[in-house]
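A short worksheet on the structure shown next.
Reminder, nothing fancy here: chain letters follow the sequence lines and each chain counts from 1.
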Protein chains: 2
Amino acid sequence: MSSPKPPKKTHSVVPGQTVTLEQVAAHAGVSPSTVSRILNGTAVVSPAKKAAVEAAIQELGFRPNPVARGLAGGRTMSIGVVTQIISSPFYGEALLGIEEQLEQAGYVPLIVSGHWRDVDERKALQTLLARRVDGLIVFAGRLSAADLLQEAAGLPLVVMGRQVQGPQAFSFSFDNRKGARLATEHLLAQGHRRIAFVMGDPVHDDAADRYQGYLDALAAAGLAADPALLTQGDYTEGGGLLAITHLLARGQSFSAVFSCNDQMAIGAAHGLRRHGLRVPDDVSLVGFDDVVLARYAMPPLTTVRQSMLDMGHQAAKAVLDQLAGRPPQVQLPAPELVVRDSTRRLAR
Amino acid sequence: MSSPKPPKKTHSVVPGQTVTLEQVAAHAGVSPSTVSRILNGTAVVSPAKKAAVEAAIQELGFRPNPVARGLAGGRTMSIGVVTQIISSPFYGEALLGIEEQLEQAGYVPLIVSGHWRDVDERKALQTLLARRVDGLIVFAGRLSAADLLQEAAGLPLVVMGRQVQGPQAFSFSFDNRKGARLATEHLLAQGHRRIAFVMGDPVHDDAADRYQGYLDALAAAGLAADPALLTQGDYTEGGGLLAITHLLARGQSFSAVFSCNDQMAIGAAHGLRRHGLRVPDDVSLVGFDDVVLARYAMPPLTTVRQSMLDMGHQAAKAVLDQLAGRPPQVQLPAPELVVRDSTRRLAR
DNA sequence: TTGTAGGCGTTATCAC
DNA sequence: GTGATAACGCCTACAA
């Protein structure tokens, strides 16, 4: 057997190394506290020592240990993120936005899924708290606002898609009602009168708001909403397929469908097709969110643009703001209808 | 109306609390080390004390602090995961699988994106190492195997989609070559002879392997591959669209397209449609992966099933195995062709 | 089997 | 400004 080759020391920068702050201090001829102060900007130090320390850090390739920092200072430089289903393109885009934004500030997202289940969300929050995350970003789920606030236990909290009032809670939503109204008005303007609505779980504010926007548009046009045209799904393609199938089985007739999100819209398109109804020739279809697949659906889906990437950015910015003691601010884009090929004027 | 129900306090369990191991020890009348031993199964303790400690843990609602554990014991109970793009449905499904599996073992994934960029992957690994993750799961990226191994610095490492040899590295791939051969054979069996291939970046083993499978099938049928029918994309819908557009611009004629992944296949379908070519009437189309959108594409996409959820499970199991000192084992499903509606017999 | 003591790498609180 | 000196919450020899 050959002799084990010693790890080549590039200077002293070796991956997996364990250069400590103490070593840096020794190397620079100062005390550990001084190094710490320079690292955190906690106090003013003399330029000379500062330079020496910075040189030592460079030379030794020192990186502060977040774990130790977490224990000592209580800051882990990580933000807990509660999504519902990590594999969903909807959440995926938002997570990307969050990650991008946090990275710049040296934070890392700790992502845990709630699976749309009360207990799982609660467990997720507890896991995150146990891990001592510095802040929380939560996507609207099933947990009550009160429970959410209680579990968050005073940590900076940003909630997307639901209003939550609390001392350190900041919540914001896309203007779902307006967006849904836009979508419905578009269909109305094309002459559609019997517009089916595929709702999400009304427990969620966004689903309820979008339904409200649909009603708004109908009312403004002097139309009454036909409850028989209302159906519900679980935000997935399969759910949309099921919902539209039920509607058709009930023998309802309609010339357009407005779905609470793109994924269900795409499922609905399949359901319609199975019943010999073509989109948009026989039935116009509008989604919501404008996830990537909306553009590549066949036909490309008319939808309401809600950039989840942007929402993710905003959410991350908001926690970061709270962490920095700044009042969180978000710049939400106005709802915008993206007209593609899944809608057309009602042939009379 | 009834009075607001007070949050049921289960004993003294309050979210955000900070019950320490020391308090548990005091409560149970034993030393901290004993509690620690019980928690970790490090040594045998008397049943009596064990019971007392467990009762105390229950009553106080104690949860060990992973941060402190990480500092003291060197185990953070977190696994670093390097994906390329977190928002991609492909990675999303795998992440879901990883998360599910890790959760059962009390581990949490720390997900960082490499964005298909050498530098970002390296940085991702460094971030993960700095955070003292206990193990690493890496999706094939652009970083060389040597660099990968060096950055991983001896940590248990599981690599998916690329072969990496190393003392503590374990890598596995789906049988891409076989899968691609299956897909191509399917098209050949339907009479197609001019089959375009939309490749991914050949730097990646899976892309290269799938191309090889395509060549295998062609060769077995006594056909030569026409280089003019080869095009390349970046795994996204947009990339597939572009790739097929280039191919058509070059004036190539073909009756079928095999795409390296589903997303590019869907983009390709759009490109074909724009040129007045219908799928499958004019051109048959096969994808690879069988992500959710394949089923809901229009027409539903014939593809090679590769359950990323399962791959995620396997990867997580493999790191867990390594962590437990067991030799990692994975059970990979055999490639399977899922025939849907995007392919049809060549009309002659 | 069980307890004591020291240490993991930083930050924070004191004095100087 | 700067440096000792405690924590932070847990693990792990070592001793008993």
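By the 4.0 Å N-to-carboxylate-O rule, A:E121 lies too far from A:R142 to be salt-bridged with it. B:E151 has no carboxylate O lying under 4.0 Å from a charged side-chain N of B:K123, or vice versa, which leaves the two without a salt bridge. Salt-bridge check for A:E54 with A:K49: failed, with every basic side-chain N at 4.0 Å or more from each acidic carboxylate O.
Below the 3.5 angstrom threshold, one finds no donor paired with an acceptor across the side chain of A:R63 and the base of C:dG9. Donor-acceptor pairing under 3.5 Å, judged by distance alone, is absent between the side chain of A:R132 and the base of D:dG9. Judged by atom type and distance alone, B:S33 reaches the base of C:dT4 through a side-chain donor-acceptor pair under 3.5 Å.
Taking the nucleotide of DNA chain D with the nearest heavy atom to each of B:R37 and B:V67, the more 5' of the two is matched to B:V67. Judged by closest nucleotide on DNA chain C, B:S46 is the one of B:S46 and B:A72 placed further toward the 5' end.
The residue B:T20 sits close only to the backbone: its heavy atoms come under 4.0 Å of sugar-phosphate atoms, none of a base. Residue A:P64 is in sugar-phosphate contact alone, with no base atom involved, counting any heavy-atom pair closer than 4.0 Å across all strands shown.
Axis angle, first five pairs versus last five pairs of the helix from C:dT1-D:dA16 to C:dC16-D:dG1: 40°, rounded to 10°.
The only member of A:I38, A:V44, A:L39, A:N40 that meets side chain to side chain contact (heavy atoms under 4.5 Å, CB included) when paired with A:T42 is A:N40.
At a cut-off of 3.5 Å, with distance as the only test, no side-chain donor of B:H115 or B:Q84 sits close to an acceptor on the other residue.
Side-chain N/O atoms of B:K50 include none lying less than 4.0 angstrom from OP1 or OP2 on C:dT1.
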